[in-house]
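All remarks here apply to the structure that follows.
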Amino acid sequence: MTVESTAARTPRRSAGSKAGTTGTKRTTRTSKKSTEPALVQLLTPEGKRVKNAEYDQYVADITAEELRGLYRDMVLTRRFDAEATSLQRQGELGLWASLLGQEAAQIGSGRALRDDDYVFPTYREHGVAWCRGVDPTNLLGMFRGVNNGGWDPNSNNFHLYTIVIGSQTLHATGYAMGVAKDGADSAVIAYFGDGASSQGDVAEAFTFSAVYNAPVVFFCQNNQWAISEPTEKQSRVPLYQRAQGYGFPGVRVDGNDVLASLAVTKWALERARAGEGPTLIEAFTYRMGAHTTSDDPTRYRGDEERQAWEAKDPILRLRRYLESKKYADETFFEELESESEALGRRVREAVRAMPDPDSFAIFENVYADGHALVDEERAQFAAYQASFADADGGK
């Protein structure tokens, strides 16, 4: 498969860096009549391995055990995600942002990281959190409203979830600039979606990272929809081509291909660690479910679109490959199914054991010294809450 890289490479500072030294730039037409640009793809939807001269080297030594590990990661992440969605529907969580369909992009990129790399996520990177060793139950406290995150970012080099759209790209850039000043041999990765790519914060992060040659990878999961807004209404060019205007490389990868996501992210991280600056990766994938559990995607997209993407399912394609190469047997898949059900039970029990959220916590810390308007609103809310008890006979 071919690769399109949209910017001249930054002058290389290390002879040890591998890929990207001889890539040919291509001109891509972006009118609606033109074809989409080629993806970096190593594994087809049918589970066939395809060669790639530039990126094969990053997965050349991957073992059957590691491939089974990637499959396990995706299956368990999907099971956890499904359980969280069910718990929200049952009233145990206030909200949930599903990653259904994006498992390969997250697991592939997450497993490309070294322990000393630092991650700045949005609020949907449950698969990356899994790769960083964050217990799934710790992700759910915030969505239940009983904590502000639930884990120590410094324990796993995995920052707390960011709800404000796009702001984490600036945090990642600043952190990466600090890493460079410290002389550390590590990289930073920032995750964001196609909708966030329209935010000014992201543009500013691109500018600063390019000017200061920061060791940061911008990993955009283009899942085709910014809530109800399709990508073509956000950008006249493929998102990865935006990197060209800032002076660093952009690559589009098949986000439903865990091997390609792993390989391209490894390349970009090595490039960052070698002092060659930022990279933009556009993981071309699809959000199979709703934006969050408060969203109804049937109001703005058709079943045909989802069905077309179901044929590209990231888990199914890796299973086909494992089976074709005889890297996994039925015993492996059956044991994994049992493990996934056990994970679902553990998550369900952990959430139901959590305390109910404090309904009045929202009024705390709005002002350091209190405020008359906040006091008035708290009293109004208390009266509203008390009305339910009165209607239920004082219970």
So if you build clusters from Ile, Leu, Val, Met, Phe, Trp, Tyr with side-chain heavy-atom gaps below 4.5 Å, do Ile315 and Leu259 land together? yes
Atom CG of Asp303 with >12 non-hydrogen neighbours under 6.0 angstrom: no
Find out whether Arg144 and Val351 are in side-chain contact, i.e. whether some heavy atom of one side chain is under 4.5 Å from a heavy atom of the other. yes
Side-chain contact test, heavy atoms from C-beta onward, threshold under 4.5 Å: evaluate it for Thr162 versus Thr122 and give yes or no. no
Regarding Asp135 and Arg346, does a basic nitrogen lie under 4.0 Å from an acidic carboxylate oxygen? yes
To the nearest 0.5 Å, atom CG of Leu42 lies from atom CG of Asn52 at 5.5 Å
Would the Tyr161 and His126 ring centres measure less than 6.0 Å apart? yes
Taking C-beta and beyond as the side chain, do Asn256 and Arg317 meet within less than 4.5 Å on heavy atoms? yes
If you take the centroid of each ring, where Trp contributes its six-membered ring, are Phe219 and Phe192 closer together than 6.0 Å? no
If hydrophobic clusters are built by linking Ile, Leu, Val, Met, Phe, Trp and Tyr wherever their side-chain heavy atoms come under 4.5 Å apart, do Leu99 and Leu76 end up in the same one? no
For Gln221 and Gln106, does a side-chain donor sit closer than 3.5 Å to a side-chain acceptor? yes
Under 6.0 Å from the ring centre and within 45 degrees of the ring axis: does the NZ or CZ of Arg252 meet both conditions for the six-membered ring of Phe284? yes
In terms of hydrophobic clustering (I, L, V, M, F, W, Y; side-chain heavy atoms under 4.5 Å; direct or indirect links), are Leu316 and Val50 co-clustered? no
Quick check: are there more than 12 heavy atoms from other residues, nucleotides or ligands sitting under 6.0 Å from CD1 of Ile362? no
If you measure only the distance, is there a donor-acceptor pair under 3.5 Å linking the side chains of Arg352 and Gln90? yes
Could you verify whether a donor N or O on one side chain and an acceptor N or O on the other, from His291 and Arg124, lie under 3.5 Å apart? yes
In the structure I gave you, are the side-chain heavy atoms of Phe218 and Thr173 within less than 4.5 Å of one another anywhere? yes
Is any side-chain heavy atom of Arg287 closer than 4.5 Å to one of Leu100? no
Using 4.0 Å as the upper bound for N to carboxylate O, is an ion pair formed by Lys266 and Glu270? no
If you measure only the distance, is there a donor-acceptor pair under 3.5 Å linking the side chains of Asn222 and Thr285? no
Mind checking whether Asp73 and Trp130 have side chains closer than 4.5 Å, heavy atoms only? yes
Approximate separation, where rounding is to 0.5 Å, of Arg78 CZ and Ile107 CD1: 11.0 Å
Within the supplied structure, the quantity of interest is the number of heavy atoms (other residues, nucleotides, ligands) at a distance under 6.0 Å from Tyr212 OH; does it exceed 12? no
Should Ser98 and Asp81 be marked as a side-chain hydrogen bond (donor to acceptor under 3.5 Å, both in side chains) after you check the CA-CA gap, both sets of side-chain angles, and the distance that decides it? CA-CA 6 Å; Ser98 173; Asp81 181 71; 2.6 Å; yes
Please test Gln234 against Asp194 for side-chain hydrogen bond (donor to acceptor under 3.5 Å, both in side chains), starting from the C-alpha separation and ending with a verdict. CA-CA 8 Å; Gln234 301 177 64; Asp194 50 294; 3.2 Å; yes
Pairwise distance CZ(Arg72) to CD(Glu66) - rounded to 0.5 angstrom: 14.0 Å
Got a second to check how far Leu67's CG is from Tyr327's OH, nearest 0.5 Å? 7.0 Å
Ring-ring centroid check Phe206 Phe248, cutoff 6.0 Å: yes
May I ask you to check whether Tyr191 and Phe120 place their ring centres under 6.0 Å from each other? no
Between Asp257 and Lys312, does at least one N-O distance fall below 4.0 Å, as a salt bridge requires? no
Hey, could you give me the CG/CD distance between Leu139 and Glu125, rounded to the nearest 0.5 Å? 10.5 Å
Between Val264 and Val59, is there a shared hydrophobic cluster once you connect ILVMFWY residues whose side-chain heavy atoms come closer than 4.5 Å? yes
Taking the side chain as every heavy atom from C-beta outward, state whether Val217 and Pro278 have any pair of such atoms under 4.5 Å apart. no
With a cut-off of 3.5 Å and sequence neighbours excluded, list every side-chain donor-acceptor pair involving residues 363-376.
residue : atom : partner : partner atom : Å
His371  : ND1  : Leu373  : N            : 3.0
Asp375  : OD1  : Arg378  : NH1          : 2.9

With side chains defined as the heavy atoms from C-beta onward, is the minimum distance between Val128 and Val119 less than 4.5 Å? yes
Relative to each other, are the rings of Trp225 and Tyr300 parallel, tilted or perpendicular (30° and 60° limits)? tilted
State yes or no: do Phe80 and Leu87 share one hydrophobic cluster built from I, L, V, M, F, W and Y residues joined by side-chain heavy-atom distances below 4.5 Å, directly or via other members? yes
Salt-bridge criterion met for Arg49 and Asp56 (N-O under 4.0 Å): yes
If the threshold is 4.0 Å, N to carboxylate O, is there a salt bridge linking Asp116 and Arg273? no
